[in-house]
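Side-chain atoms are counted along with the backbone in the values below, which use heavy atoms only and exclude waters and symmetry mates. So you know, we letter chains A, B, ... as the sequences are listed, proteins then strands, and number each from 1.
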Amino acid sequence: MTEKYEFWNIEERWQGEWERLESFRVDEASDLPKYYLLEMFPYPSGRIHMGHVRNYSIGDVIARYKRMRGFNVLHPMGWDAFGLPAENAAIANKVHPARWTVENIDYMRAQLKQMGFSYDWARELATSDASYYRWEQVFFLEMLKRGLAYKRNSAVNWCTGCETVLANEQVVDGRCWRCEQEVLMRELPQWFFRITAYAEDLLAGCDDLHGWPDKVLTMQRNWIGKSIGAEIRFPLVGREGDLAVFTTRQDTVYGATFVSLAAEHPLALELSEGTPQHGAVREFAQRVKRISHSRRGDVETEKEGIFTGSFCLNPFTGENIPIYLANFVLMEYGTGAVMAVPAHDQRDFEFARKYGLPVRPVIHPRGATLAAEDMTEAYVADGVMADSGDFSGLSSEEGRSRIAAFLEERDWGKGTVRYRLRDWGISRQRYWGAPIPVVYCDRCGMVPVPVDELPVRLPTNVEFTGAGGSPLANLPEFYETECPTCRGPARRETDTMDTFVESSWYFARYACPDEDRQPLDRKRTDYWMAVDQYVGGVEHAVLHLLYARFYTRVLRDMGWLSVAEPFTNLLTQGMVIKDGAKMSKSKMNVVDPDDLIRRYGADTARLFTLFAAPPEKDLDWSDQGVEGAHRFLNRVWRFAMRHRERLAEVAADSGRIPSSGALKELRRRLHWTIKKVTDDIEQRFHFNTAIAAIMELHNTLGSMSPEDLRQEDGAALAKAALETEIVLLAPFVPHIASELWQRLGHTEALADVGWPEYSEAALVEESRLIVVQVNGKLRGKISVPADADAERIETAALADARVAAFIDGRDVRRVVQVPGRLVNIVIE
RNA sequence: GCCGGGAUGGUGGAAUGGGUAGACACACGGGACUUAAAAUCCCGCGGGCCUCGGCCUGUGCCGGUUCAAGUCCGGCUCCCGGCACCA
């Protein structure tokens, strides 16, 4: 009688074994080369979903594979534990965010253990622990000292209902996502990280990230958005001062017939002072300022503006040109003022036509001349400069560099570079986040909390009502404090940090999670960093991955790390799709990992998610596909159990060349499979084709004749094939593989077994199948000895009966050979 | 609008430096075992024609390069993702 595949017992037993033996615990005292594999840590939302199963299955294959290849593999797991959902749960269910978070972590940790992922649990961390965020407060103070953290007034989304700041993602159609009240823009003092100081470095660093997908690098480059151009100062008419504008098209400056300002521009109101339109200008500016950024940023919004009543001088043409406010000019980019060139910018063109401003073409396409009256849209391409003084006749490109030089010569401006990247706003008017460690004193102003008084802990006795803004701002026990400098009364900062700050350095903390005297232990981070392979969803292509790159540079400059780039290689996995849509509660298409584990086991769940698609593509969920994966594991199990006794009688041997043809084929396939699986994992993480290859090996093994199995050499080869198959399966389905390995009589842990080697010689076939084409079309197949030379193959091809029939006496013009594969006979 | 990525059987997907298109699996059809069902095993499975040995055709569409194109080049169509009034 053969025993059944009782996955529930097997999986529980091996998970217990790995835990008991601390099988995946690592330290720095190892002679093996290090390998740091990391998957993006989860937010403890309650339970794991299929996206997690996929992400962590992919990571676990790589971790287990690298271990078998002889690496000292760091594979940690933790929790991105601060964030809004905990607070919302507190409001809705009257559960404290800390308790909600801890309970979720406990449940999800158990789920991850049930999946059999090979984490070093000794390094587990949760970002909401003071033992984690205290170090973030240390970093903050250091950044403050270096001018990398600063506070300034900034326009924010303000929900009139909840009386709180909202992230851009929380504004839906200009309304609050939760209470649906109107969202307005409001100026509030906010904390920022000066990521823009690293814009050029972050951009240049992209060129060296050869292990990242091009798609992600492109997105990062676009996000940083470098523009090379010039700053030009337009002197104000009838008063002191000037207006600085930024342009990338200084070659069009002779066509600048007005200047447009953002509503937030410091001179916006001043310039209309004392003019009849002052009231109208004020009203316009206020109206525009209140519109949320998402709505103002809409291309469809009609271009609108108002004349300020003032003029400035275009220093190139000597003309006085009007100054307008315009709703499409952004204060955050450039200088908040643009020189308007209607003939060569589509927005300025529309604006000029609407308000009757002059359109003056100063760039002509090669071999043509533009006339303002005939233009129906702006000519935005490069061309030849005209009506541009001494610069006329130059190409746009040449003109740009000449004018930039000319600006500096005359001190009218200079060539300059601008980035779209903005400083990172990290203030959140929220409870469940890391407190920003500063206090405000009436006498001393803003004072950092001294390092030895850290951490500034989150208070626990908090009411969550969902109204009246941040709970911390309503808690005198928290914000009433004394000034560290003068010991007078002071008010504590009640903003907390964006949760993206925690996830910007957790990977470094995994190197030394128990370090309690300093944030990072340079010795240990130097050993483990950078992360050799990072795995996660592509949705983090910009935010998290850019913040982490920035923060790593900051930590390097502060001396905490030696590397500039945190992640050497990046694998972005696709989404899990069912019935044509991403799995989500609202779509009612969620498959719960718990159900899957209960019905089929973790190995089946892992196998299916790895087999159904290559990692970077979206994965189409299929219940029947899961069944299929489960059936395969059953087949492997039954085969091993059925032949266990026979195989125990022989020693595994795949070196010897067996007698029968079928066995020779099995031996060749065995070695080929090792090569195929190794290459698929090593070179491109294509686990689906690796698993397919193992299935093919199993199919060949399974169709072995009873006669071959009775033979000594047959049984020895079968044993080698089965054991190799189990070892190759180990990274994918570790429980069943471990169980079978043990049942086949091995005492050594499968995780410690080395990855199998293949023999190049064993791949060579005795005879090869050569495809014969006539004029590029498949006409026959011939079998030739492996060592046959080209001449012999050609002769054999021409002699093939079917091929001869197609040639049918016609002249052979040419014969093309692909060595060992194909012959193409070209006839007239 | 700009920047990426993609389109291959009924389905998910293979084909890695142009060289047998459809590996592996799912679904489906037929058969074996069974009193029956499930499970398992075997056979078939792009389309069309067929004298059953084959023949023609086929990788979104149109054209090109090549002895040879899913793969390279030019021009389209549609789908997905990101950014989006960035001066």
Side-chain angles (χ1 to χ4, degrees), chain A residues 213-223 225-227 229 245-249 252 256 260 262 296-303 326-330 332-341 344-348 350-351 380 418-422 538-539 541-542 574-575 577 608 611-614 616-629 631-632 634-635 638 676 679-680 683-684 686 688-696 698-699 702-703 769-781 802 805 813-827:
Chain A
D214 288 341
K215 176 189 170 142
V216 175
L217 291 175
T218 304
M219 282 167 72
Q220 293 225 343
R221 288 190 183 106
N222 290 345
W223 190 265
K226 183 179 185 173
S227 291
V245 306
F246 172 72
T247 180
T248 54
R249 291 300 302 275
T252 66
S260 307
R296 222 204 295 184
D298 192 342
V299 198
E300 302 301 317
T301 306
E302 200 190 328
K303 299 189 180 17
N327 64 345
F328 60 87
V329 179
L330 308 170
E332 298 84 359
Y333 185 75
T335 60
V338 297
M339 65 173 205
V341 186
H344 304 298
D345 181 283
Q346 189 56 27
R347 292 156 303 185
D348 296 340
E350 287 170 32
F351 196 88
V380 297
R418 292 277 170 171
Y419 302 89
R420 284 177 50 187
L421 185 69
R422 317 271 168 79
V538 74
E539 64 272 18
V542 181
M575 292 184 300
I577 303 287
F608 172 73
F611 179 61
E616 69 278 6
K617 284 187 77 166
D618 285 349
L619 184 156
D620 224 332
W621 193 265
S622 151
D623 292 332
Q624 289 100 331
V626 176
E627 297 263 4
R631 277 202 295 268
F632 171 69
N634 260 305
R635 275 201 299 277
R638 281 196 311 268
K676 171 74 177 162
D679 289 352
D680 278 349
Q683 288 169 19
R684 40 176 214 168
H686 275 203
N688 56 331
T689 49
I691 292 166
I694 299 173
M695 287 174 169
E696 288 185 73
H698 186 81
N699 292 344
S703 61
L769 191 70
I770 304 284
V771 170
V772 186
Q773 297 181 333
V774 177
N775 285 350
K777 286 189 178 173
L778 176 68
R779 295 304 181 195
K781 293 171 186 177
R802 260 184 79 202
R813 293 237 171 120
R814 236 179 109 178
V815 176
V816 182
Q817 274 209 41
V818 180
R821 299 195 67 159
L822 174 144
V823 180
N824 187 13
I825 298 160
V826 186
I827 58 178

> Can you tell me if the side-chain N/O atoms of A:R684 get under 4.0 Å from OP1 or OP2 in B:rU16?
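So the side-chain polar atoms of A:R684 never come under 4.0 Å of the phosphate oxygens OP1 or OP2 of B:rU16.
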> Can you measure A:K617 atom NZ to B:rG4 atom P for me and round it to whole angstrom units?
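From A:K617 NZ to B:rG4 P: 20 Å.
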> How long is the line joining CG of A:N775 and P of B:rU20, in whole Å?
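Between P of B:rU20 and CG of A:N775: 17 Å.
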> Summarise how protein sits on nucleotides 24-33 of chain B as a single string, 5' to 3': B when a protein heavy atom is under 4.0 Å from the base, S for sugar-phosphate-only contact, - for no contact.
BSSS------
> For A:E616, enumerate each residue passing the side-chain hydrogen bond (donor to acceptor under 3.5 Å, both in side chains) test, keeping only those at least two apart in sequence or located in another chain.
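Only A:H686 meet the side-chain hydrogen bond (donor to acceptor under 3.5 Å, both in side chains) criterion with A:E616.
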> Nearest-Å distance, CZ (A:R249) to P (B:rA87)?
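Those two atoms, CZ and P, are 11 Å apart.
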> Where does B:rG9 land, syn or anti, once you apply the within-90°-of-0 test for syn?
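What B:rG9 shows is a syn base, its glycosidic angle lying within 90° of 0.
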> State the pairing partner of B:rA7; accept Watson-Crick or G-U wobble contacts with both distances under 3.5 Å, and report none otherwise.
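With both distances under 3.5 Å, B:rA7 matches B:rU77.
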> When we call it a touch if two heavy atoms are under 4.0 Å apart, what does A:S260 touch: a base, just sugar-phosphate, or nothing?
nothing
> Identify which nucleotide among B:rA87, B:rU20, B:rC67 has an atom closest to any side-chain atom of A:R814, counting heavy atoms from C-beta outward.
B:rC67
> Strictly by Watson-Crick or wobble contacts shorter than 3.5 Å, is anything paired with B:rC86, and which nucleotide is it?
none
> Return whichever of A:V538 or A:T218 has its heavy-atom-nearest nucleotide of RNA chain B closer to the 5' end.
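By nearest-heavy-atom nucleotide position, the 5'-most residue is A:T218.
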> Choosing from B:rC67, B:rU40, B:rG4, which nucleotide comes nearest the side chain of A:K215?
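The answer is B:rG4.
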> Report the nucleotide, chosen from B:rA84, B:rG81, B:rG19, that has the shortest atom-to-atom distance to any side-chain atom of A:R420.
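Minimum distance to the A:R420 side chain belongs to B:rA84.
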> Figure out the CG/P separation between A:L778 and B:rG18, and round it to whole Å.
21 Å
> Just how far, in rounded Å, is P of B:rU66 from NZ of A:K777?
18 Å
> Could you check whether A:K781 gets within reach of a base, just the sugar-phosphate, or nothing at all, counting any heavy atom under 4.0 Å?
base
> For A:F246 and A:S227, which heavy atoms make the closest approach, and how far apart are they?
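Reported closest heavy-atom pair: CZ-O, 3.9 Å.
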> A:V774 and side-chain contact (heavy atoms from CB on, under 4.5 Å): which single residue from A:V826, A:I827, A:V823 fits?
A:I827
> What are the two closest non-hydrogen atoms of A:R249 and A:V380, and how far apart are they?
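Looks like NH1-O, 2.9 Å.
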> Where do A:R418 and A:Y333 land on the side chain to side chain contact (heavy atoms under 4.5 Å, CB included) test, with the steps shown first?
CA-CA 8 Å; A:R418 292 277 170 171; A:Y333 185 75; 4.0 Å; yes
> Side chain of A:N327, backbone of A:E302: donor and acceptor closer than 3.5 Å?
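Looks like yes, one N/O pair under 3.5 Å.
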> Counting only heavy atoms not in A:R422, do more than 12 fall under 6.0 Å of its CZ?
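Buried by this count: over 12 neighbours within 6.0 Å.
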> So A:F328 and A:D348, side chain to side chain contact (heavy atoms under 4.5 Å, CB included) or not? Walk me through it.
CA-CA 10 Å; A:F328 60 87; A:D348 296 340; 4.0 Å; yes
> Tell me whether the side-chain N/O atoms of A:R821 come closer than 4.0 Å to OP1 or OP2 in B:rU20.
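Indeed, a polar side-chain atom of A:R821 lies that close.
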> Of the nucleotides B:rC3, B:rA87, B:rG13, which has the atom closest to the A:V329 side chain?
B:rA87
> Please name the pair of heavy atoms, one in A:A541 and one in A:Q220, separated by the smallest distance, quoted to 0.1 Å.
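Reported closest heavy-atom pair: O-NE2, 3.0 Å.
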> In whole Å, what is the span from the CG atom of A:D620 to the P atom of B:rG13?
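In whole Å, B:rG13 P lies 6 Å from A:D620 CG.
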> For a quick check of understanding: with a heavy-atom distance under 4.0 Å over all strands, which category does A:R422 fall into, base, sugar-phosphate or nothing?
base
> If the C1' atom of B:rA27 is compared with that of B:rG44, how far apart are they to the nearest Å?
14 Å
> How far, in whole Å, is B:rG31 from B:rA14 if one measures between their P atoms?
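So the two P atoms sit 34 Å from each other.
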> Need the pair for B:rA68. Rule: Watson-Crick or G-U wobble, both distances under 3.5 Å, any strand; none if unpaired.
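No nucleotide pairs with B:rA68.
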> Just by modelled atom types, is the A:F611 backbone N or O under 3.5 Å from a matching donor or acceptor in the A:N688 side chain?
no
> Using a cut-off of less than 4.0 Å, is there contact between a side-chain N or O of A:R347 and OP1 or OP2 of B:rC86?
yes
> What is the separation between atom CG on A:L330 and atom P on B:rA87, rounded to the nearest whole Å?
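A:L330 atom CG is separated from B:rA87 atom P by 10 Å.
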> Looking at B:rG44, which nucleotide sits across from it as a Watson-Crick or G-U wobble partner, both distances under 3.5 angstrom, or is there none?
B:rC28
> From the list B:rC67, B:rA15, B:rC3, which nucleotide is the closest neighbour of the side chain of A:T689?
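Nearest listed nucleotide: B:rA15.
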> Can you tell which of B:rU16, B:rG13, B:rG19 lies closest to the side chain of A:A613?
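Nearest to the side chain of A:A613 among the choices is B:rG13.
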> Rounded to whole Å, how long is the line connecting atom CH2 of A:W223 with atom P of B:rC86?
15 Å
> Give me the distance, rounded to whole Å, that separates B:rA68 from B:rA21 when you measure between the P atoms they each carry.
14 Å
> On RNA chain B, does the nearest nucleotide to A:G225 precede the nearest nucleotide to A:D214 from the 5' side, or the other way round? Give the residue.
A:D214
> What does B:rG54 pair with, Watson-Crick or G-U, if both distances are under 3.5 Å?
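Matched B:rG54 with B:rC49 under the 3.5 Å cut-off.
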> Report the nucleotide, chosen from B:rU20, B:rC55, B:rA87, that has the shortest atom-to-atom distance to any side-chain atom of A:R802.
B:rC55
